[in-house]
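Structure first, then comments.
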Amino acid sequence: MTSVKSKPSDGKPEEDVVDPWTVKAVDDKGVDYDKLIEKFGSKRIDKALLKRFEKVTGHKPHHMLSRGIFFSQRDLDFILDCYESKKPFFLYTGRGPSSEAMHMGHLIPFIFTKWLQDVFDVPLVVQMTDDEKFLWRLADADEALRLTYENAKDIIALGFDINKTFIFSDMEYIGSQPAFYKNIIKIQKCVTYNQVKAIFGFNDSDNIGKISFPAIQAAPSFSNSFPQIFGEDDVGKTPCLIPCAIDQDPYFRMTRDVAPRLNYPKPALIHSVFFPALQGAKSKMSASDPTSSIFLTDTPDEIKEKINKYAYSGGQDTEEKHRKKGGDCEIDIAYQYLTFFMEDDARLEQIKKDYTSGKMLTGELKKELIIILQKLVSDHQKQRKAVTEKMVKDYLTPRALHFKSK
Ligand code: TRP
């Protein structure tokens, strides 16, 4: 685990805490991502890599890439090598279905993954870790499975190509695909209790399901977990790229450690920053606190009210002071959200200038965001409504996929 002891004197943590269960920053500006990169041992996505991305794929980087929302990587260069030399690879991401209503933060990796899939034209596997959510949070295993299906609708609503996308429930797929389970036990055999304790901070009173779960999140990184996609004779050598928020990195550090011992390639990664809570960048959004997030089920009025009432402002207390001193975009949550969802670079730049100089007021800035999010959420609701039970079943059925590089 990457958490660091609290200072006993004032109880405040002296360093950011980032692991799959906790994100807490010391500073109002949020997590210190440079420090995190150093601690985790990943690499920053720099200008040179973005340039190469554009050159190799012929696509201008997505705004989440060019604005540093996806900011860190492992072996992304290698994936670009594969693309350049027309060697097959695949994408893998996932979701822990813990609540009915997903929020904006949950969408980030999926929006970006959809874009990557369109650019690369490769298969995508999406793991729904209903087992994980049962082990950690939910009392009822059937409820966890039901949430897999509910959340799958939100994912499908983003428009993933059915010919290239396989979504699976851990509970169902482990029971139906021996190749997947074989990889899980192979990984389990390579990792000791001491190692998972060191990586994830488990202790002697954690249930044994939690202790063995990391192998289940690791296994989809290896292509022979999916013989229906890569063929019965696939030996797990097709490389994998995993887009995820950086709190998931511990799972994949473990996976990358194990891979060479099983004769598999190490999965490549592309990491995002966290989507901040409305109350400020010190924490990420929480599905259990309705005021911390904009949910995909919110009405236009709820969106407006939440942003106006709760979005932490970097503006000044009075208009007079604001006009004189200007606002601070670095801590302003409405501005931060715009960087995630406003596609127009020039408009965003103008807003930053005007807000910083005091020409634009907090209310005006929030209004820009409200309009964008109201549209995004209501479009999403329409698309989700159009997802039928039959479509969900189709996406979740193990089957061959179609892609150019095959
Ligand atoms: N553990 C993740 C969660 O709780 C779900 C997940 C499984 C995942 N596999 C993944 C996320 C791969 C990103 C990439 O949400």
Side-chain angles (χ1 to χ4, degrees), residues 1 18-23 40 42 64 69-70 72-74 76 79 90-114 116-117 123-138 144-145 147-148 150-152 154-155 158 160 165-174 180 183-184 187 196 199-200 202 209-223 225-226 240-256 259 266-275 284-288 293:
M1 186 149 89
V18 175
D19 65 45
W21 305 281
T22 318
V23 176
F40 282 7
S42 62
M64 288 186 196
I69 290 170
F70 279 81
S72 154
Q73 53 93 15
R74 296 178 189 274
L76 184 57
I79 292 294
F90 71 106
L91 294 165
Y92 158 40
T93 192
R95 150 113 191 117
S98 60
S99 67
E100 189 114 3
M102 286 170 63
H103 60 54
M104 299 303 304
H106 297 138
L107 276 195
I108 308 291
F110 288 103
I111 292 173
F112 185 67
T113 300
K114 156 96 171 70
L116 283 179
Q117 187 190 42
L124 161 69
V125 297
V126 181
Q127 177 180 45
M128 305 299 287
T129 52
D130 35 25
D131 51 350
E132 174 191 18
K133 291 302 148 177
F134 170 69
L135 291 166
W136 262 269
R137 281 197 203 202
L138 301 170
L145 183 58
L147 290 174
T148 280
E150 282 308 307
N151 287 185
D154 286 293
I155 295 168
L158 294 175
F160 288 99
T165 307
F166 173 48
I167 304 175
F168 62 98
S169 140
D170 275 345
M171 287 186 199
E172 291 179 344
Y173 194 55
I174 288 173
F180 182 42
N183 269 339
I184 292 169
I187 297 160
V196 284
I199 300 170
F200 298 97
F202 297 142
K210 289 187 183 181
I211 289 149
S212 60
F213 173 76
I216 302 176
Q217 180 151 337
S221 315
F222 305 134
S223 58
S225 293
F226 308 99
C240 170
L241 171 63
I242 306 172
C244 62
I246 195 155
D247 62 335
Q248 298 297 306
D249 189 66
Y251 287 111
F252 301 117
R253 285 204 294 274
M254 186 196 88
T255 312
R256 287 169 57 89
K266 294 181 178 191
L269 286 135
I270 181 159
H271 300 120
S272 74
V273 300
F274 306 110
F275 191 63
K284 67 173 179 175
M285 279 189 162
S286 153
S288 48
S293 346

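Note that ligands are numbered from 1 as they come in the structure, with each ligand's atoms numbered from 1 the same way.
Side-chain contact between Thr129 and Phe213: present, with at least one pair of heavy atoms (C-beta onward) separated by less than 4.5 Å. Taking the side chain as every heavy atom from C-beta outward, His271 and Phe40 never approach each other to under 4.5 Å.
In this structure, a donor-acceptor pair under 3.5 Å is present between the side chains of Ser42 and Ser72.
Minimum heavy-atom separation, Gln117 to Phe160: OE1-CD2, 3.6 Å.
No side-chain donor-acceptor contact under 3.5 Å links Asp247 to the backbone of Thr22. Side-chain atoms of Thr93 come within 3.5 Å of backbone N or O of Pro243 as a donor-acceptor pair.
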Between ligand 1 and the protein, which N/O pairs are shorter than 3.5 Å?
residue  : atom   : partner : partner atom : Å
ligand 1 : 1 (N)  : Glu132  : OE1          : 3.0
ligand 1 : 1 (N)  : Glu132  : OE2          : 3.4
ligand 1 : 1 (N)  : Gln217  : OE1          : 2.9
ligand 1 : 1 (N)  : Gln248  : OE1          : 3.0
ligand 1 : 4 (O)  : Glu132  : OE1          : 3.4
ligand 1 : 9 (N)  : Tyr92   : OH           : 2.9
ligand 1 : 9 (N)  : Gln127  : OE1          : 3.0
ligand 1 : 15 (O) : Gly96   : N            : 3.0

